[in-house]
Amino acid sequence: MKKLLGLVLVMAMIVGLCGCTIVNETNTISDKIINQVMTYDIKKQVVDDYMKDPNIDTEQRMYLMQLVSAMSIVKIDGENYYRYRESSNETFKEYMVDRVDNDSISYVTKDTFYENSDRDNVFGGMALGYSENGQIPIDYSQVKYTLTLTFANNVVNTNGKIDETNPKKVSFDLDFSKNKLITTFATTNKNNTMSSVLQYVKGTRAIGQTKIKKITANKVKKKAKTASVTIKLKKAKNATRYVVEYSTKKKIDPESYLTDSKTSKKTTIKIKGLKKNKKYYFRAYPKKIDYTGDYYSGITTKVKSIKTKKYKKSKKK
């Protein structure tokens with residue numbers, strides 16, 4: 001799925017302000033899997049002109065040529081379009097975990113579909129302001145994105161449009177030129193509503209806040225090669241895990257090789273293997289399992305620091 005969305009990002013950049021992209025995504029809801037068929041139609045002339053641009057990087061041009069060589073050419077309203085199509089099968093858990101983050105929601109069961117479709121995630125997993133080579137930004141009014149769901153039973157509640165000939169099918173036209181985040185909902189369960197699903201999801205994510213109550217630099221033994229600190233955290237309501245991130249840099253970056261972390265079920269955590277006589281920065285956050293069956297992270301604490309100790313001889317009496 002992510003690989004495909006990477007392709008969408010590249011091809012969407014090609015379209016710019018002058019092309020028209022038609023995106024169709026079809027999901028079939030079954031007891032075991034989500035069947036997806038995604039189709040992307042991009043105007044051929046726009047792509048061809050883009051690849052002839054002398055300002056385009058040679059490596060990028062070769063990459064795009066490989067992409068379009070795998071596409072078929074179709075006629076839409078008398079004009080040629082490149083067509084790319086891919087299908088995939090995912091379990092409910094795979095579907096949700098693949099799309100979930102702390103802000104958006106994907107809740108899918110055999111009878112209910114609820115999703116916050118985030119434009120940045122749909123079109124490449126990143127904000128589409130400007131491309132790396134400085135091309136003009138995407139005009140989302142030129143991008144048509146449609147989503148069709150087919151359930152095992154008749155749809156009884158939705159914010160989409162139920163098919164007149166097939167009450168098990170519902171479709172959505174998502175206009176990302178007007179909204180960055182669009183909610184789609186459909187269910188075959190008469191007891192489910194948009195608000196009840198959202199309430200359930202939020203309930204599984206209800207988690208309190210923690211804070212760093214105390215950091216202690218532990219004594220270093222004579223032959224010890226490293227130092228350690230002990231951190232005491234405030235207990236967070238509903239939390240089942242606590243993560244402490246630490247670095248020698250004040251700005252803690254989880255992606256940096258300078259940042260390490262330790263996870264614990266307890267609120268008193270000992271961090272070992274630190275350099276002696278060195279200043280370290282620490283922060284923490286609570287975690288719990290949410291509706292996806294995976295861990296959901298709570299709010300991160302403020303950063304606190306302490307200098308580790310070095311071996312110090314005891315004074316003789």
Side-chain angles (χ1 to χ4, degrees), residues 1-2 4-5 8 23-39 86-125 140 143-164 166-207 238 287-298:
M1 178 68 179
K2 291 179 181 177
L4 176 61
L5 290 179
V8 180
V23 183
N24 299 297
E25 181 174 335
T26 301
N27 297 326
T28 301
I29 309 299
S30 68
D31 287 348
K32 296 181 180 179
I33 56 176
I34 300 297
N35 303 115
Q36 297 182 326
V37 179
M38 286 155 284
T39 303
E86 183 172 301
S87 61
S88 63
N89 296 325
E90 295 179 284
T91 65
F92 295 137
K93 183 174 180 180
E94 287 171 340
Y95 187 94
M96 291 190 290
V97 171
D98 186 42
R99 290 159 178 77
V100 74
D101 59 36
N102 286 358
D103 299 315
S104 64
I105 297 170
S106 292
Y107 176 78
V108 180
T109 67
K110 66 180 180 180
D111 60 24
T112 301
F113 184 97
Y114 181 110
E115 182 164 71
N116 294 146
S117 297
D118 188 301
R119 183 178 66 198
D120 294 345
N121 292 331
V122 170
F123 296 98
Y140 288 101
V143 180
K144 183 180 180 184
Y145 185 96
T146 60
L147 169 65
T148 302
L149 308 174
T150 304
F151 291 81
N153 299 306
N154 292 349
V155 176
V156 295
N157 193 352
T158 181
N159 65 341
K161 184 179 180 181
I162 299 175
D163 192 304
E164 293 181 357
N166 183 1
K168 297 178 182 179
K169 183 184 290 187
V170 61
S171 61
F172 305 86
D173 292 322
L174 309 185
D175 186 355
F176 286 108
S177 66
K178 296 180 179 179
N179 301 287
K180 181 179 179 294
L181 191 68
I182 301 176
T183 299
T184 50
F185 170 75
T187 183
T188 63
N189 185 339
K190 63 181 181 180
N191 295 318
N192 285 347
T193 63
M194 286 182 67
S195 59
S196 68
V197 170
L198 185 57
Q199 185 177 5
Y200 165 73
V201 169
K202 287 183 174 180
T204 68
R205 288 182 163 186
I207 186 170
N238 298 327
K287 296 175 71 175
K288 66 168 290 191
I289 293 176
D290 70 0
Y291 72 100
T292 68
D294 205 353
Y295 279 98
Y296 173 76
S297 300

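Any value given below was found using the heavy atoms of this structure, including those in side chains, with hydrogens, waters and symmetry copies removed. For clarity, every value in this text was computed on a predicted model and none was experimentally measured.
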With distance as the sole test, does [X] use its side chain to make a donor-acceptor pair with the main-chain N or O of [Y] at under 3.5 Å?
X: Thr188; Y: Asn154; value: no
X: Asn157; Y: Thr193; value: no
X: Ser297; Y: Lys287; value: no

Could I get the full list of side-chain hydrogen bond (donor to acceptor under 3.5 Å, both in side chains) partners for [X], not counting sequence neighbours?
X: Asp163; value: Thr165
X: Thr204; value: none
X: Tyr200; value: none

Quick one: pull up [atom1] in [X] and [atom2] in [Y] and give me the separation to the nearest 0.5 Å.
X: Leu149; Y: Lys169; atom1: CG; atom2: NZ; answer: 10.5 Å
X: Thr158; Y: Phe185; atom1: OG1; atom2: CZ; answer: 7.0 Å
X: Asn166; Y: Thr148; atom1: CG; atom2: OG1; answer: 11.0 Å
X: Leu181; Y: Glu115; atom1: CG; atom2: CD; answer: 10.0 Å
X: Ile182; Y: Asp175; atom1: CD1; atom2: CG; answer: 6.5 Å
X: Tyr107; Y: Thr112; atom1: OH; atom2: OG1; answer: 6.0 Å

What is the minimum heavy-atom distance between [X] and [Y], and which atoms define it?
X: Ala206; Y: Asn238; value: O-ND2, 2.9 Å
X: Val170; Y: Ala186; value: CG1-CB, 3.8 Å
X: Phe151; Y: Lys110; value: CD2-O, 3.9 Å

Do the side chains of Leu147 and Phe113 get nearer than 4.5 Å, heavy atoms only?
->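 Yes, their side chains come closer than 4.5 Å.
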Any side-chain heavy atom of Phe172 sitting closer than 4.5 Å to one from Asn159?
->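 Yes, close enough: below the 4.5 Å cut-off.
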Taking Asp111 as the fixed residue, which of Asn153, Asn192, Val155, Val156 is the one that meets the side chain to side chain contact (heavy atoms under 4.5 Å, CB included) rule?
->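 It is Asn192, the one option of Asn153, Asn192, Val155, Val156 that forms the side chain to side chain contact (heavy atoms under 4.5 Å, CB included) with Asp111.
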